[in-house]
Amino acid sequence: MTTATTAAAGLRLTLERVTLGYGRGGVLRDVDLEIEPGEILTVVGSSGSGKSTLLRGLAGLLPPYRGRILADGAEVTGPSPDRAMIFQEDGLLPWRTVLRNVELPLAIRKVPRDERRRAAREWIARVGLAGSEDRLPRELSGGMRQRVQLARALAAAPRAVLMDEPFGALDAQTRAEMQRLLLDVLRDTSATVVFVTHDVDEALLLGHRIAVITSDGVRILAEATRERIVKEL
Ligand code: ADP
Ligand code: MG
């Protein structure tokens with residue numbers, strides 16, 4: 001059963017000679033990439049380089065023209081609750097309270113009410129929002145809404161979390177708080193994380209490994225330093 005405390009093992013995500021894009025031509029061409037179970041892979045690239053496109057492919061929202069995208073060896077053919085997504089714009093349902101937003105993915109999975117309440121409350125507390133369960137999204141700051149998104153994603157015990165510049169719209173101080181919080185809560189899960197950012201320092205801070213998207217494609221940097229990444233971009 002999915003509870004906040006029994007984390008399922010992280011997914012291995014594999015791209016085999018994948019070409020992804022929209023209509024004419026590929027945004028990303030012939031990408032080979034292996035994302036290890038439980039790792040935090042940060043993907044850094046300039047605006048328009050294809051970061052969101054890569055995540056949409058991994059999420060199963062954009063089928064590749066060529067090649068295969070695999071999760072634990074099985075071809076990804078569509079979205080799955082195993083792979084949670086977190087966006088920059090929060091995607092919370094405005095008419096649902098914090099508690100009912102966090103519960104939603106569990107409700108969709110038909111987790112019994114008491115159990116999903118417990119998991120939701122536990123994760124709301126873990127992201128520092130205890131006491132805000134009954135508030136509506138519009139009553140929260142941008143940072144608090146991102147905390148709710150994080151709780152909602154992790155309460156459902158996903159095996160991978162795909163994050164698309166989730167802290168990009170936050171002020172510097174709130175962003176630093178969220179980065180610390182993310183590292184903190186991820187310690188209690190074994191989910192594989194793909195975290196996309198255009199911020200080199202964020203990529204270095206959060207990633208176990210760092211992939212860079214350039215006009216040549218997607219490449220893991222063996223020894224990532226600020227200077228190396230900036231030179232690649
Ligand atoms: P990033 O997230 O790195 O800023 P994207 O993956 O969003 O970049 O976009 C990569 C390229 O694909 C850009 O040139 C963008 O204009 C194009 N693109 C993105 N989404 C679409 C779409 N829905 N239809 C057509 N082209 C798109
Ligand atoms: Mg993007």
Side-chain angles (χ1 to χ4, degrees), residues 13-35 39-71 76-80 83-92 142-143 145-150 152-153 158 160-172 174-176 178-179 182 191-221 224 226 228-233:
L13 298 168
T14 311
L15 281 82
E16 290 178 354
R17 310 237 17 109
V18 166
T19 295
L20 279 169
Y22 314 87
R24 283 154 143 261
V27 173
L28 297 169
R29 285 184 204 87
D30 297 327
V31 176
D32 282 306
L33 190 63
E34 184 89 27
I35 306 168
E39 81 167 321
I40 305 176
L41 180 78
T42 48
V43 180
V44 61
S46 51
S47 178
S49 59
K51 302 183 295 298
S52 296
T53 302
L54 176 68
L55 276 197
R56 278 183 211 121
L58 287 168
L61 297 169
L62 186 67
Y65 294 151
R66 287 199 302 276
R68 300 198 306 160
I69 300 176
L70 308 170
V76 168
T77 55
S80 154
R83 286 169 273 120
M85 284 210 66
I86 300 182
F87 304 96
Q88 181 173 324
E89 13 9 287
D90 64 43
L92 300 174
R145 284 199 296 271
Q146 289 310 73
R147 287 172 193 257
V148 179
Q149 276 218 89
L150 192 57
R152 181 176 62 178
V161 186
L162 309 173
M163 305 182 78
D164 194 356
E165 307 205 43
F167 310 146
L170 303 177
D171 63 78
T174 307
R175 173 188 277 234
M178 289 303 296
Q179 291 165 342
L182 178 67
T192 306
V193 177
V194 185
F195 186 107
V196 154
T197 181
H198 65 265
D199 181 325
V200 175
D201 295 309
E202 186 167 66
L204 282 164
L205 176 72
L206 297 176
H208 299 144
R209 291 194 304 159
I210 297 178
V212 186
I213 306 188
T214 67
S215 48
D216 296 336
V218 183
R219 206 154 59 77
I220 302 272
L221 281 191
R226 188 163 214 295
R228 286 273 332 264
I229 299 171
V230 169
K231 209 172 98 202
E232 295 278 335
L233 290 176

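Order of appearance sets the numbers: ligands from 1, and atoms from 1 within every ligand. Note that the coordinates shown come from a computational prediction; the quantities given were computed from them, not determined experimentally.
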How far is [atom] from its nearest protein heavy atom, and which residue and atom name does that atom have?
atom: atom 13 (C) of ligand 1; value: Gly48 O, 3.7 Å
atom: atom 20 (N) of ligand 1; value: Tyr22 CZ, 3.4 Å
atom: atom 9 (O) of ligand 1; value: Thr53 OG1, 3.8 Å

Taking [X] for its side chain and [Y] for its backbone only, find out whether a donor-acceptor pair lies under 3.5 Å.
X: Gln149; Y: Gly91; answer: no
X: Arg219; Y: Val212; answer: no
X: Gln179; Y: Thr174; answer: no
X: Tyr22; Y: Val27; answer: no
X: Lys51; Y: Ser46; answer: yes

Between ligand 1 and Val27, is the shortest N or O to N or O distance under 3.5 Å? no
Are any of the N/O atoms on Glu165, whether in the backbone or the side chain, positioned under 3.5 angstrom from an N/O atom of ligand 1? no
Atom 15 (C) of ligand 1: protein heavy atom closer than 4.0 Å? no
As an exercise, state the distance from CG of Leu70 to CD of Glu16, rounded to the nearest 0.5 Å. 5.0 Å
Between CG of Leu13 and CD of Glu39, what distance do you get to the nearest 0.5 Å? 9.0 Å
Provide the number and element of each atom of ligand 1 under 4.0 Å from a heavy atom of Ser47. 4 (O)
Distance filter under 4.0 Å to Ser46 heavy atoms, resulting ligand 1 atoms: 3 (O)
Using the ring centroid of each side chain, check whether Phe167 and Phe195 are separated by less than 6.0 Å. yes
Once salt bridge (charged side-chain N to carboxylate O under 4.0 Å, His left out) is applied, what residue pairs with a partner in residues 55-64 remain, sequence neighbours excluded? none
Would you mind reporting whether Val18 and Asp30 have side-chain heavy atoms less than 4.5 Å apart? no
Could you name the option among Gly21, Ser52, Ser49, Gly50 that has the heavy atom nearest to atom 2 (O) of ligand 1? Ser52
Heteroatoms of the protein, restricted to N/O/S, which lie under 2.8 Å from the Mg ion (ligand 2): Ser52 OG
